[in-house]
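Worksheet: the structure to be examined is printed underneath.
Fair warning: this is a prediction, and the values are worked out from it, not measured in the lab. Worth knowing before you read on, the calculation uses all heavy atoms, side chains too, and leaves out hydrogens, waters and symmetry mates.
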Protein chains: 2
Amino acid sequence: MISHAMNARHTDVATSVAAEASGESAPWLPAKGMRTSAVRDSVLFREGDEARSCYRIQSGAIRVVKVLADGRRYVADFFLPGDVVGFDCGDTYEYTAEAIVDTELVRYPRPLIEARFEENPAAGRRLLDVTLQRLAAAQSQMLLLGRMNAMERVATFLLNLERRLGAKESVDRTIPLAMTRADIADHLGLTLETVSRMLNQLKRDGTIGLPDPHRISVLKPQRLERMACAGGH
Amino acid sequence: MISHAMNARHTDVATSVAAEASGESAPWLPAKGMRTSAVRDSVLFREGDEARSCYRIQSGAIRVVKVLADGRRYVADFFLPGDVVGFDCGDTYEYTAEAIVDTELVRYPRPLIEARFEENPAAGRRLLDVTLQRLAAAQSQMLLLGRMNAMERVATFLLNLERRLGAKESVDRTIPLAMTRADIADHLGLTLETVSRMLNQLKRDGTIGLPDPHRISVLKPQRLERMACAGGH
DNA sequence: CGGAGTATTGAAACCTATCAACAATTGTGG
DNA sequence: CCACAATTGTTGATAGGTTTCAATACTCCG
């Protein structure tokens, strides 16, 4: 599957007590948190659970899902290394968070975060900015879901993912895909078959390469951007 | 494809200099702002404009739209009395805001709001909560756009709108619709014809009544909730 | 009262979903 | 290390829900 995917036993999320620096990517977090790991497909927290903690992703990937009673699923977002998942409004989580692959995280109890806001207003302001950015991203995603066709959705998704991973992760413009076709489909409001068809159509075009199902190399970025949609933001 | 270009009179937004209390609904705003009015279909601000102010709606309604180059449009949100529109991340607006009907607003310059955060951290915390709520609503909307069929979308929309308007506005469970079918369609990722068909199907069912195109009375709320989707949030 | 904008309704086309079969990959255990 | 089983991905044929195109009716205001 992917480099860091190890044995996928169904143990729960394991927590060690070692302290860990919060890292540069989220300056609004407390200085220390608990190192934690989650094996593939384990649930970090469930929609409706009491929101005790949030988590910064160290390595791996998390998906955040909302589910209808009959099983229809929407993947609201993917969280990649550096991202923080689990800070919601209210006392309960708004969605379920699951590990896509074996994932290393740092856990921060909510009370510690709230305390940090008291002592340091700038931290709260930083979180506000992050939240406003996520809201803007959500609005772009709604435009995608509401008004783009299958090919535009897939092309836009690939470009966004490449941008988020940054040059560091994607060597030679090759995107390491942690998630399955089903995850991508549930994120784009499509079926996994349609996602597969679009990817293979792009492959036949010569726009992308698919060395293996979990690696996508962007061969013709400009063409991909043109397919992404008839008008950037 | 679709391009509901709304070109009516293009008078600008008129501003009076009278001061006005910020009201109970948005305690994170400064105490005073400028009363302003916007006639139907006028543009409050445009995507990409420098974000100088935000606006609290006093009466009327605002729609917030994102547009693709070929004219396809998505209505990211409707803003109703009490709501505040225009506080985005970055220095420019993320979307275009237009008046759906003649609208009364109170304008707050961004520098004044920023200053208020400096002096009163609780104000910033309130805005964070509001923003987190809007993010949660956006995630529910993505589930709707990605995974619900036309009837479920329309039913969900009506229920949400009724809840937002509150008992005060909707006398006798009758929802006053400020927006057109095209606005609703662009908000639900449908065409205006499909929205019309779904509404009239609900009318034939006896689930709702349509006294006139801009008034919807909910006759059988439970049935509407059942149609809304196979699984509540 | 008339005219422009808005809403409704019908018929046909299209894109994507669904169903189904098969191929490829991954992980497991001999 | 290889073979097998399970999962994941690909591809094809068909069906179905929405869109598109078109015509007509309604509503609101000047």
Side-chain angles (χ1 to χ4, degrees), chain A residues 1-10 39-41 63 70-74 100-102 144-154 176-186 188-204 208-216 227, chain B residues 1-9 39-41 70-74 100-102 144-154 176-186 188-204 208-216 227:
Chain A
M1 166 165 279
I2 230 172
S3 49
H4 44 262
M6 327 201 92
N7 295 348
R9 297 144 304 168
H10 262 243
V39 300
R40 188 157 91 95
D41 288 331
R63 69 171 166 255
D70 61 3
R72 280 177 290 177
R73 194 179 80 137
Y74 179 71
I100 296 173
V101 294
D102 291 358
L144 178 150
L145 293 169
R147 287 290 175 244
M148 288 189 193
N149 64 31
M151 182 55 83
E152 291 168 335
R153 295 186 200 194
V154 170
L177 281 188
M179 63 289 288
T180 64
R181 303 289 187 263
D183 286 332
I184 298 171
D186 284 346
L188 299 180
L190 300 169
T191 60
L192 63 91
E193 291 96 331
T194 299
V195 170
S196 180
R197 272 185 253 270
M198 296 302 127
L199 287 175
N200 284 286
Q201 190 175 317
L202 288 172
K203 181 186 179 184
R204 279 192 295 276
I208 65 173
L210 297 172
D212 70 90
H214 287 277
R215 222 181 308 279
I216 295 180
M227 315 207 72
Chain B
M1 194 175 261
I2 323 154
S3 62
H4 318 296
M6 292 288 175
N7 37 1
R9 299 135 293 173
V39 300
R40 189 157 91 95
D41 289 329
D70 62 2
R72 281 176 289 177
R73 197 179 76 140
Y74 180 71
I100 297 173
V101 293
D102 292 358
L144 178 149
L145 293 169
R147 287 292 176 241
M148 289 190 193
N149 64 30
M151 181 55 84
E152 292 169 335
R153 295 186 200 194
V154 170
L177 282 187
M179 63 291 286
T180 64
R181 303 288 188 265
D183 286 332
I184 298 172
D186 284 345
L188 299 180
L190 300 169
T191 59
L192 64 90
E193 293 95 331
T194 300
V195 170
S196 180
R197 273 185 253 269
M198 296 301 127
L199 287 175
N200 285 284
Q201 189 174 318
L202 288 172
K203 181 186 178 184
R204 280 192 294 277
I208 65 172
L210 297 172
D212 72 89
H214 286 279
R215 220 181 309 280
I216 295 180
M227 315 207 72

Interface polar pairs with nucleotides 19-21 of chain C, N/O, under 3.5 angstrom:
{"from": "dC19(C)", "atom 1": "N4", "to": "Glu193(A)", "atom 2": "OE2", "distance (Å)": "3.2"}

>> Checking Ser196(A) now: which residues fulfil side chain to side chain contact (heavy atoms under 4.5 Å, CB included) with it, not counting sequence neighbours?
In response: Asn200(A)
Please produce a list of atom pairs where a protein N or O lies less than 3.5 Å from an N or O of nucleotides 23-25 of chain D.
none

> To 10°, what angle do the rotation axes through the five end pairs on each side of the helix from dC1(C)-dG30(D) to dG30(C)-dC1(D) form?
Replying inline: 40°
>> For Arg181(B), give me all partners under side chain to side chain contact (heavy atoms under 4.5 Å, CB included), at least two apart in sequence or on another chain.
In response: Leu177(B), Leu192(B), Val195(B), Leu199(B), Pro213(B)
> Does OP1 or OP2 of dT11(D) have a side-chain N or O of Asn200(A) closer than 4.0 Å?
Replying inline: yes
> How close or far is atom C1' of dA17(C) from atom CZ of Arg147(B), stated in whole angstroms?
Replying inline: 10 Å
> Once you round it to whole Å, what is the distance between C1' of dA17(C) and CG of Leu188(A)?
Replying inline: 15 Å
>> Please tell me if His214(A) has a side-chain N or O lying less than 4.0 Å from either OP1 or OP2 of dT8(D).
In response: no
>> Using whole Å, what does the distance between atom C1' of nucleotide dT7(D) and atom CE of Met179(A) come to?
In response: 18 Å
Report each atom pair, protein N/O against N/O of nucleotides 14-18 of chain D, whose distance is under 3.5 angstrom.
{"from": "dT18(D)", "atom 1": "OP1", "to": "Ala150(B)", "atom 2": "N", "distance (Å)": "2.6"}

>> Between Asp186(A) (side chain only) and Tyr74(A) (backbone N and O only), is there a donor and an acceptor less than 3.5 Å apart?
In response: no
